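Encoded as structure tokens, here's the structure I'll be asking about.
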Number of protein chains: 2
Amino acid sequence: MSISKIAKALNVSKSSVSLVINGKAKQSRISEEMEKKILDYVKEIGFKPNSIAQSLATGKTNTIGLIVENIGDSFFGPIALKIESSLREKGYHVLYSSTNGVDKLGEGIINSMMERRIAALIIAPTMDMNKAIKKLIHSQIPLVIFDRRAQEISTAYVGTNNYEASAVAVKHLFAQGYKNIGMITSDSSQSQMLERKQAYINEVNQQNLKPLLLEIPYRLNVPEREELIGQFINENDLDAIYFSTNYLCISGYKVLSRYDIVHQFGIVSFDDHEVFELVKPTVTCVRQPIIEIAERIVESVLKQINGESDWLRDDIIPSVLVVRNSTQGPNK
Amino acid sequence: MSISKIAKALNVSKSSVSLVINGKAKQSRISEEMEKKILDYVKEIGFKPNSIAQSLATGKTNTIGLIVENIGDSFFGPIALKIESSLREKGYHVLYSSTNGVDKLGEGIINSMMERRIAALIIAPTMDMNKAIKKLIHSQIPLVIFDRRAQEISTAYVGTNNYEASAVAVKHLFAQGYKNIGMITSDSSQSQMLERKQAYINEVNQQNLKPLLLEIPYRLNVPEREELIGQFINENDLDAIYFSTNYLCISGYKVLSRYDIVHQFGIVSFDDHEVFELVKPTVTCVRQPIIEIAERIVESVLKQINGESDWLRDDIIPSVLVVRNSTQGPNK
DNA sequence: TTCCTTTGCTAACTCGGTTTAATAGATAAC
DNA sequence: GTTATCTATTAAACCGAGTTAGCAAAGGAA
């Protein structure tokens with residue numbers, strides 16, 4: 001079914017049908033009689049306009065792109081859930097893609113989404129995306145960057161206070177009496193990781209201690225990762241570790257459990273995880289307000305789409321330290 | 001930029017440009033000279049055809065819809081990841097939606113995706129989707145149902161052997177010496193849940209014992225759920241529980257830990273989870289081959305889109321019992 | 001009656017592509 | 001020299017909508 005066929009069936013013009021369907025009957029001086037005739041028929045046959053044709057004619061789509069690292073993980077998954085349900089309520093569809101750790105995919109994904117003429121783009125950028133994102137800004141498409149920043153590019157950004165929250169986390173370990181606090185992070189140079197690392201370094205330096213860092217390549221598999229962590233723990237006389245993200249903490253926890261020193265060890269992770277409440281000892285963490293981050297992203301996207309100019313360039317939503325504190329504390 | 005503008009700029013016809021861009025130069029007897037001229041220009045200005053216009057003209061989209069219960073959970077998330085990356089390689093985009101436990105959303109989501117003229121639909125159906133799915137079949141759209149079946153409807157289906165795998169799980173508990181094995185499941189009447197439950201009931205009956213079932217409403221929040229589980233454990237003299245899904249098992253595990261009887265308890269969960277390897281005692285589970293399920297879904301979708309008729313109506317991929325066995329066994 | 005408004009509706013163009021029948025010019029065949 | 005065949009190209013129709021200028025009929029004012 002199409003608007004033209006309806007027009008023929010009712011012996012009226014396409015224009016009338018289109019105007020009525022779009023609720024422009026009044027303003028286009030369509031008689032109530034005509035309006036009723038068309039609406040009744042449309043309802044009767046259950047007609048829905050072809051949204052592809054609509055998009056072509058209006059130049060607008062109701063599709064929004066979402067690009068994250070891994071939609072299957074415990075951070076991006078719930079964010080994607082909330083973003084989609086909020087946008088659906090507003091009549092939008094969400095197209096997603098995961099870069100899955102392969103930085104080079106980023107630009108291609110952005111381009112192919114742009115060809116689909118999406119209405120807006122939400123991105124947790126990889127390192128290789130900078131050129132592509134600059135082009136996006138040039139193209140004027142509504143854009144929200146989140147979680148980590150795109151280098152030297154000013155866009156709407158939603159994220160947490162990585163530096164401050166990390167500083168609080170490290171301070172917490174010191175306050176508990178731990179002295180030799182190491183940090184395990186990924187080797188990524190994404191902004192959020194750098195901020196977390198810098199906070200650790202600065203806090204440790206303030207205590208006149210020297211930072212002990214292990215940076216693990218993203219593409220290592222789990223056993224390789226655990227091997228590295230094991231070495232790191234053995235080679236340094238640590239009593240606590242600050243993990244820059246939860247999947248690293250889980251690996252680290254496994255290793256520590258193996259050595260059976262986990263009960264004295266200080267452990268704090270950035271990002272919460274179901275596991276942390278269930279294991280013994282439980283794990284203290286920096287929890288990002290996932291729902292709120294998703295809400296702010298959606299808010300910014302919608303504002304930009306609707307041409308409102310009061311969206312924030314920098315929407316920083318503070319994380320909270322969730323103290324679980326079930327370890328026995330340092331024994332030195 | 002558009003094909004027409006390119007045509008004007010080069011002083012040739014739209015048709016020539018379109019044919020060349022689509023690689024139909026040879027078969028349409030376009031001269032190599034003309035072909036080169038057009039291709040060079042297209043590359044120079046970095047032109048990409050508007051895929052919305054293409055869709056309208058061809059009646060085909062390269063967008064595939066994915067409808068699951070919750071894209072943020074540990075089962076659907078990784079499946080969504082794999083589905084999207086596989087389909088992207090084949091030139092498709094994926095539109096997702098989560099019903100999020102609200103059965104009534106299902107039909108609306110399906111309809112709005114259909115309006116977008118998606119090329120195919122992948123659904124883990126809710127209970128309310130039956131009418132809508134019947135319509136889909138009528139509409140001839142390539143369709144794959146997975147995880148749970150749509151009632152009385154024959155479509156391409158990908159899933160695991162819920163009944164057999166559950167039977168193995170319950171047998172495993174009996175083999176370990178447990179006698180009073182309860183089952184905790186959701187109150188959902190989705191097919192996969194019913195199969196898991198039925199297997200449990202039959203296995204218990206075979207031992208001349210009576211089934212002890214707790215069915216928890218999906219919409220309960222975590223504390224309410226734990227409350228119910230606590231009662232269930234107290235009121236029945238259980239020594240083991242079979243959980244129909246991992247999120248229920250996590251709740252149950254928490255409760256059992258609280259009562260400190262977790263080390264003697266027999267616990268098996270359907271679906272694996274990161275937690276299960278990390279907690280002590282570790283948790284034995286029935287693990288669905290997630291990657292393979294996603295691959296088979298994609299395979300079926302592509303076959304249907306390409307008009308190949310050898311896709312399977314019933315693609316059952318067996319689960320494996322992952323025995324972690326760290327409990328001490330029953331003490332009775 | 002004539003002229004001006006208002007009302008109700010629609011023809012025709014547009015969006016950016018795909019597809020096919022038709023055409024003109026060059027070659028080949030007779 | 002005439003006709004048939006090929007080659008290279010394009011005009012025109014189409015997909016399914018949205019948009020707007022303009023027309024005819026009716027009503028009102030002079």
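Values in this document were obtained by computation on a predicted structure and should not be read as measured data. Note that these values count all heavy atoms, side chains included, but never hydrogens, waters or copies made by symmetry. Below, chains carry the letters A, B, ... as their sequence lines are ordered, and counting in each starts from 1.
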Handout entry: Rounded distance (Å) that lies between atom C1' of D:dT7 and atom CD of B:Glu33
Key =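 Taking CD of B:Glu33 and C1' of D:dT7, I get 13 Å after rounding.
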Problem - Under the salt bridge (Lys or Arg N to Asp or Glu O under 4.0 Å) test, residues paired with B:Arg149 that sit two or more places apart - result: B:Asp314
Handout entry: Partner of B:Asn130 by side chain to side chain donor-acceptor pair (under 3.5 Å), out of B:Glu152, B:Glu107, B:Gln151
Key =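 Exactly one pass, corresponding to B:Gln151.
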Exercise for the section: Determine, for B:Arg296 against B:Asp315, whether the closest basic-nitrogen to carboxylate-oxygen distance falls under 4.0 angstrom. Expected result: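 Yes, charged N to carboxylate O under 4.0 Å.
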Handout entry: nucleotides 13-29 of chain D: protein proximity per nucleotide (B base, S sugar-phosphate only, - neither; heavy atom, under 4.0 Å)
Key = --BBBBBB---------
Exercise for the section: Round to the nearest Å and state the distance from A:Lys26 atom NZ to C:dG8 atom P. Expected result: 11 Å
Handout entry: CG (B:Asn11) with more than 12 external heavy atoms under 6.0 Å
Key = no
Handout entry: Working for salt bridge (Lys or Arg N to Asp or Glu O under 4.0 Å), residues B:Glu292 and B:Lys82
Key = CA-CA 9 Å; B:Glu292 203 175 350; B:Lys82 180 69 186 170; over 6 Å; no
Problem - Side-chain ion pair, B:Lys37 and B:Glu33, N-O less than 4.0 Å - result: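 Salt bridge absent between B:Lys37 and B:Glu33.
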Problem - Gap between atoms CD and C1', on B:Gln27 and D:dC6 respectively (whole Å) - result: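 Computing the B:Gln27:CD to D:dC6:C1' distance gives 17 Å.
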Problem - Atom pair distance, as rounded to whole Å: CD in A:Glu35 and C1' in C:dG8 - result: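 For the pair A:Glu35 CD and C:dG8 C1', the rounded distance is 13 Å.
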Exercise for the section: Let me know the distance between CE of B:Met34 and P of D:dT9, rounded to the nearest Å. Expected result: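 Nearest whole value for this atom pair: 4 Å.
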Practice task
Report yes if a side-chain nitrogen or oxygen of A:Ser16 is closer than 4.0 Å to either non-bridging phosphate oxygen (OP1 or OP2) of C:dT10; otherwise report no.
Solution key: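 Yes, within the criterion.
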